Amino acid sequence: MSSAIRIRDLVKRYGATTAVDGISLDVEEGCLYAFLGPNGAGKSTTINCICSLLSFDGGTIEVCGHAVGREDDAVRHAIGVVFQESVLDPILTVRENLATRAALYGIRGRAFASRLAEVAATTGIEEILDRRYGRLSGGQRRRADIARGLVHTPRVLFLDEPTTGLDPQTRARVWASVRTLQKSSGTTVFLTTHYMEEANHADFASIIDHGRIVASDTPASLRVAHSHDVLRLMTRDATALRTWLEARGTAYRERTGVFSLLVGSSLAALPLIREAEPLLSGFELVQGSMDDVFMSLTGRDIREDKEEES
Amino acid sequence: MKEVTALVRRNMRLFFRDRASVFFSLLSVLIIILLYTLFLAKMQVDGITSAILGAGMVPDAKAVRFFVDSWIMGGILATGTVTTSLGAIGILVDDRHRGAARDFQVSPVRRSQLVAGYLLSTFLVSLVMSTVAFVIAEGYIVLSGGELLDAASMLGAFGVLALCILAFSALMCFLATFMKTPGAFGSFSTVVGTLLGFFMGIYVPIGVLPASIQVFMKVLPFNSAAVLMRQQFMARPLAAVFAGVPAPVSAGYEEFYGITMSLGGKAVPTWAMLAFIGAFGAVFFLLAVFRLNRKIGSK
């Protein structure tokens, strides 16, 4: 598979601060790639560099084989960008907005009409085409933004924090339409988010902190490598369970009668549950989340844990 | 070029669909008209009347009114070329503030096309709004007993309008690139609107002001614009009011009211004023293109 985006040693400085500190990554064509990190980690800076909005101090970026900085025109034809903030014109209708933007790519008249029908269907905005953008709800606006990003059939679509500030239901709907368009048209999608759990929707995720990539893998592998499942045991006889666990040499934490144990994986919990079965009144297995992955890779929590262990 | 057309259409739509922006771009024109009818007109009428009495003639009240109305309306139309350009270029400030400029930048449209889009739409908006102001001005003159401009003067007036709009919209585009927020731009517009009345000798005739201030006004193109515009408006009222008044006396009043201009004791010819405004516009056009190029595409 060829790379839709190929970044090598990207560096971007703002005066004395280094916002992006040597990032390298490859995004496969047709995949949904999530770029995760807290606010200020360098996500938006990276996206702005890729989209030819920001010049950078070092490294190379290629989008669909075109070098950013030298072949910006080709890059701009290949990309669609959905910005974090609303950038369409509030007093124009959605249709007028899309017509103006499409014209910048040379799409007019009949070509525009047929393309408009397609993107409107993909993003579900047929009903609101003739309403003024400024009068739409947050979710409708977001979908119109995505339609704008798609209006010229880009090969790579960038979404900068597409779900920030939306309610959970709308977030889910935005995700659904992103997934649909990626699956149906084969568009490569590159998005940033600071909602860690959203990375589970992605094919591949990179976690960025302080301008560096700290981990890069499929969400499932990241969870396996950097988070633990937690097994919670409930019992009627706390003393017996405590004695049993201590005899077995298993570390646990007890809180309000519930014993929490870290287990490497879901399967590793099975023998334990089976052995302890006579003592149990119930159990619960909580899977490691992307939040845990992020914490364990970047947060202070992991370091505190280590100090406790040593 | 079709990209530019699309951008111009978009910019003009943004301006004309926002009723407030349309209204406010004409507001300074309307405020001056209001000030004039309430306070300033009587002062000028009295001034002219006593001048004619002083020359030993009997003033014709209707002609005096026609004179004063034409004087003020010529000046107002000149200010309008600046204030309506300013209203139109607000879209640029908005685009940069809201992030629409970034949206344009990730598209393959060339910066020169964006720049052309802003300059052209500003020019066209200003031309439309100035035409509206022209109709209001003529309506005012005729309703208060004056005469409509003859065809030649009307053509001349539109020529001056077009030149001034070209020059001043270039200047305003240049200045707008320094404004980061719509708030700052709004304050700037207010200041411009206020100062302009003085720079163009609208509130009071230039002859009333101290000599040093007069020189300052004359070296700026704004006063020349007002003088050129008044020349188109004042031919007939001048003849009517100063009929029979000795030429040196009437010439003195022409200069006093900013219908002619002299610098260092020498009369400045019309072509020189036109050339001055043209050159001024050309310089700021280049500066505006330079600044817009940098600001729209600031990496």
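A, B, ... follow the sequence lines: proteins, then strands. Residue 1 opens every chain. All of these numbers come straight from a predicted model, not from anything done at the bench.
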Pair A:Glu96 + B:Arg17, salt bridge at N-O below 4.0 Å |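 A salt bridge links A:Glu96 with B:Arg17.
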
Contacting moiety of A:Asn48, where chain B heavy atoms sit under 4.5 Å: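 For A:Asn48, side-chain heavy atoms alone lie under 4.5 Å from chain B.
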
In this structure, CG of A:Leu92 is separated from CZ of B:Arg9 (nearest 0.5 Å) by 12.0 Å

In this structure, CD1 of A:Ile107 is separated from NZ of B:Lys2 (nearest 0.5 Å) by 13.5 Å

Max heavy-atom pair count under 4.5 Å with chain A, selected residue of B:Glu3, B:Gln113, B:Arg110: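 Top option by heavy-atom pairs under 4.5 Å: B:Glu3.
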
Is there side-chain contact between [X] and [Y], with heavy atoms separated by less than 4.5 Å?
| X | Y | result |
| --- | --- | --- |
| A:Glu85 | B:Arg98 | no |
| B:Ser107 | A:Arg76 | no |
| A:Arg101 | B:Arg10 | yes |
| B:Leu14 | A:Ile91 | yes |
| B:Leu7 | A:Leu104 | yes |
| B:Val109 | A:Tyr105 | no |

Could you check whether atom [atom1] of [X] has more than 12 heavy atoms from other residues, nucleotides or ligands sitting under 6.0 Å from it?
| X | atom1 | answer |
| --- | --- | --- |
| A:His194 | NE2 | yes |
| B:Phe285 | CZ | no |
| A:Arg70 | CZ | no |
| B:Tyr203 | OH | yes |
| B:Phe24 | CZ | no |
| A:Arg212 | CZ | no |

Inset, instruction - Just do the side chain to side chain contact (heavy atoms under 4.5 Å, CB included) check on B:Arg102 and A:Val87 with the steps written out, would you? - result: CA-CA 8 Å; B:Arg102 297 203 298 149; A:Val87 295; 5.7 Å; no

Stepwise salt bridge (charged side-chain N to carboxylate O under 4.0 Å, His left out) check, A:Arg148 with B:Asp103 = CA-CA 10 Å; A:Arg148 183 268 170 261; B:Asp103 194 27; 2.8 Å; yes

